[in-house]
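A short write-up of the structure that comes next.
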Amino acid sequence: MIKDWLLYISTSTFRITPGEIYTAFRMAIDGEILTSKGDLFELYPELSIITTGRVLQAFVEQKKLNNVSYQRSKEKLKAIYSENPVTESEKKEIRLKLLKIIFEELTETGTSDKTHLLFSELEQRGLINISVKEKHETYERELEKYIPSEINEIRTKRAINARTLLKEFNQKLERKEPIVAVQNICRCIYVNRFLKKHLQSFDAFKEIFQT
């Protein structure tokens with residue numbers, strides 16, 4: 001269930017950070033964001049993908065409509081993290097779980113949409129070397145495929161919100177602003193290509209990332 005939930009989060013169209021996901025659920029618990037019918041969310045210990053989607057959608061809309069409430073919840077999140085900082089051992093455990101999931105996905109399907117998280121590290125260590133020209137060509141190619149799928153996804157949102165999102169998306173394209181989602185797709189392509197050469201075993205695979 002946890003793996004399915006992580007896959008859903010990593011492949012969803014929500015442009016929010018892990019910290020904001022936590023904030024969204026805290027707001028749902030506190031009644032600061034509501035369902036589309038104006039009711040409190042029914043939250044259970046199980047990680048429901050359907051409920052997660054509804055909570056995150058409500059959070060994104062609330063974030064745009066009421067920045068004050070968002071900032072207040074953000075301050076709560078900072079306070080929680082300062083009181084309960086993530087330990088080094090917890091960070092290592094989380095990283096190991098991520099590597100395990102990526103290894104399994106690459107072994108089973110030959111691709112993973114989470115490997116963009118490893119790109120900067122591998123590039124800085126010289127394990128991946130991509131020319132500026134190749135980066136530009138890959139980005140333009142993936143952007144061309146991304147635009148129609150993103151527009152279709154935006155149009156599935158509620159009418160008023162869809163018009164706003166579509167306008168913002170088109171403005172980004174006109175200004176030629178880098179689309180983070182497309183950049184991450186490109187990074188995944190490069191990292192997947194590199195890591196597929198190191199799938200003999202998980203032990204050998206994780207050795208790449210041990211410094």
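Please read these numbers as outputs of a predicted model, since none were measured by experiment. One-based numbering along the sequence shown.
- Two residues are said to be in side-chain contact when any heavy atoms from C-beta on lie closer than 4.5 Å; I101 and E105 meet this criterion.
- Salt bridge status for K97 with E93: present, with a side-chain N to carboxylate O gap under 4.0 Å.
- Looking only at side-chain heavy atoms (C-beta outward), Y190 and L122 stay at 4.5 Å or farther from each other.
- For the pair G110 and K196, the tightest heavy-atom approach, listed with the atom from each and the gap, is O-CD, 3.2 Å.
- The two residues I33 and V55 come nearest to each other via the heavy atoms CD1-O, 3.8 Å.
- Summarising the geometry, atom OG1 belonging to T107 is positioned 11.5 Å from atom CD1 belonging to I102; distances are rounded to the nearest 0.5 Å.
- Salt-bridge annotation for K172 and E168: absent, with no side-chain N of the basic residue lying under 4.0 Å from a carboxylate O of the acidic one.
- The structure places CD1 of I128 at 10.0 Å from CD of E121, a figure rounded to the nearest 0.5 Å.
- Hydrophobic cluster membership for L34: L40 (Ile, Leu, Val, Met, Phe, Trp, Tyr linked by side-chain heavy atoms under 4.5 Å, directly or transitively).
- With sequence neighbours left out, Y139 forms a side chain to side chain donor-acceptor pair (under 3.5 Å) with no residue at all.
- For the residue pair Q183 and P178, the shortest heavy atom distance occurs at NE2-CB, 3.4 Å.
- Within the model, atoms NE2 of H116 and CD1 of I189 stand 12.5 Å from one another, a figure rounded to the nearest 0.5 Å.
- Contact record, E142 with C186: CG-SG, 4.0 Å, taken as the closest heavy-atom pair.
- With hydrogens and angles disregarded, no donor-acceptor distance shorter than 3.5 Å links the side chain of T138 to the backbone of K135.
- Taking the side chain as every heavy atom from C-beta outward, I21 and F59 never approach each other to under 4.5 Å.
- Sorted by first and then second residue, the pairs that involve residues 87-113 and meet ring pair (Phe, Tyr, Trp, His ring centres under 6.0 Å), not counting sequence neighbours, are F103-F202, F103-F205.
- By the side chain to side chain donor-acceptor pair (under 3.5 Å) test, E177 pairs with R175, sequence neighbours left out.
- In this structure, L195 CG and C188 SG are separated by 10.0 Å, a value rounded to the nearest 0.5 Å.
- Annotation: ring-ring contact (aromatic ring centres under 6.0 Å, His included) contacts of H136 (sequence neighbours excluded): none.
- Nearest heavy atom pair, residue S112 against residue L106, reads N-CD2, 3.8 Å.
- Atoms NZ and CG, from K114 and L98 in turn, are 8.0 Å apart once rounded to the nearest 0.5 Å.
- Note that the CZ atom of F119 and the CD atom of Q124 stand 9.5 Å from one another [nearest 0.5 Å].
- Between R187 and N184, the closest heavy-atom pair is NH1-OD1, 2.9 Å.
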Mind running salt bridge (charged side-chain N to carboxylate O under 4.0 Å, His left out) on K91 and E88 for me, showing each step along the way?
CA-CA 5 Å; K91 289 180 182 179; E88 287 302 317; 3.6 Å; yes

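- Taking the side chain as every heavy atom from C-beta outward, Q171 and K167 approach each other to under 4.5 Å.
- Side-chain contact between L118 and L99 is present, with at least one heavy-atom pair separated by less than 4.5 Å.
- Looking at residues two or more places apart in sequence or on another chain, you find a side chain to side chain donor-acceptor pair (under 3.5 Å) between R193 and E134.
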